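Contents: one structure, followed by commentary.
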Amino acid sequence: EAGVTQFPSHSVIEKGQTVTLRCDPISGHDNLYWYRRVMGKEIKFLLHFVKESKQDESGMPNNRFLAERTGGTYSTLKVQPAELEDSGVYFCASSQWTSGSEQFFGPGTRLTVL
Amino acid sequence: KQEVTQIPAALSVPEGENLVLNCSFTDSAIYNLQWFRQDPGKGLTSLLLIQSSQREQTSGRLNASLDKSSGRSTLYIAASQPGDSATYLCAVPSGTYKYIFGTGTRLKVLA
């Protein structure tokens, strides 16, 4: 069974540009999460999808971030326009259920904004 | 507000030692607790998931315990090996799914 995959693995962009990160969850997992770790800090929750619906986007830092999950399969996270403080590692995770369910994480996308 | 703390922040031990990593959390009303391992430049690998009704889980040389009332979990690694070198993270959900992570313990096992 394939795990959670993320693309790209690394992205280097200039301030003001747009970047789109993609996550493919484990097949059959309705729950998809985005997290990120900025330099020197702990990993923090960004948002949660159940199928194609956003259940909780309380962790999204501001309106420069837009997440979608069309058709309830893969998800994208767009940052537009990117700022220096957006640099970090963006992780995607998926789980079969919402409550008490093991979350499986992808390898992450390392984003560097210059 | 849930907060997660991991002690020690870093640990260096000779190969073969048994060791204990600690995780504490402030809100004991948790659904579960999950331990992860992260290798440099890699993603998070799930090691063990302990449900709130359980007291411990074992996988190979790893044993994780959970004491909800005291807000603590320990990850015990038996007979450590150089391949165990990584950062170990614990996470608890705030509510049912929003994981709160500790800052991790960086483990180095010397050959």
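Residue numbers start from 1 in every chain, and the chains themselves are labelled A, B, ... in the order their sequence lines are given, proteins ahead of strands. Worth saying up front: this structure is predicted, and the values here are computed from it rather than measured.
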Inset, instruction - Would you kindly check if the NZ (Lys) or CZ (Arg) of Arg22(A) is within the cone defined by 45 degrees around the ring axis of Tyr74(A) and under 6.0 Å from the six-membered ring centre? - result: yes
Legend entry - Backbone N/O of Cys92(A) and side chain of Gln6(A): donor-acceptor pair under 3.5 Å: yes
Is it the side chain or the backbone of [X] that comes within 4.5 Å of chain A heavy atoms, both, or neither?
{"X": "Lys42(B)", "answer": "backbone"}
{"X": "Leu44(B)", "answer": "both"}
{"X": "Ile100(B)", "answer": "neither"}

Inset, instruction - Could you label the plane-to-plane angle of the His48(A) and Tyr97(B) rings as parallel, tilted or perpendicular, counting under 30° as parallel and over 60° as perpendicular? - result: tilted
Inset, instruction - Could you tell me how the ring of Phe45(A) sits relative to the ring of Tyr35(A): parallel (under 30°), tilted (30 to 60°) or perpendicular (over 60°)? - result: perpendicular
Inset, instruction - Against chain B, label Ser58(A) side chain, backbone, both or neither, depending on which of its atoms sit under 4.5 Å from a heavy atom there. - result: side chain
Legend entry - Tyr33(A) ring center within less than 6.0 Å of Tyr99(B) ring center: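 Ring centres of Tyr33(A) and Tyr99(B) not closer than 6.0 Å.
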Inset, instruction - Sort out for me which of Gly108(A), Gly106(A), Ser99(A) touches chain B most, counting heavy-atom pairs under 4.5 Å. - result: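 Option with the greatest count: Ser99(A).
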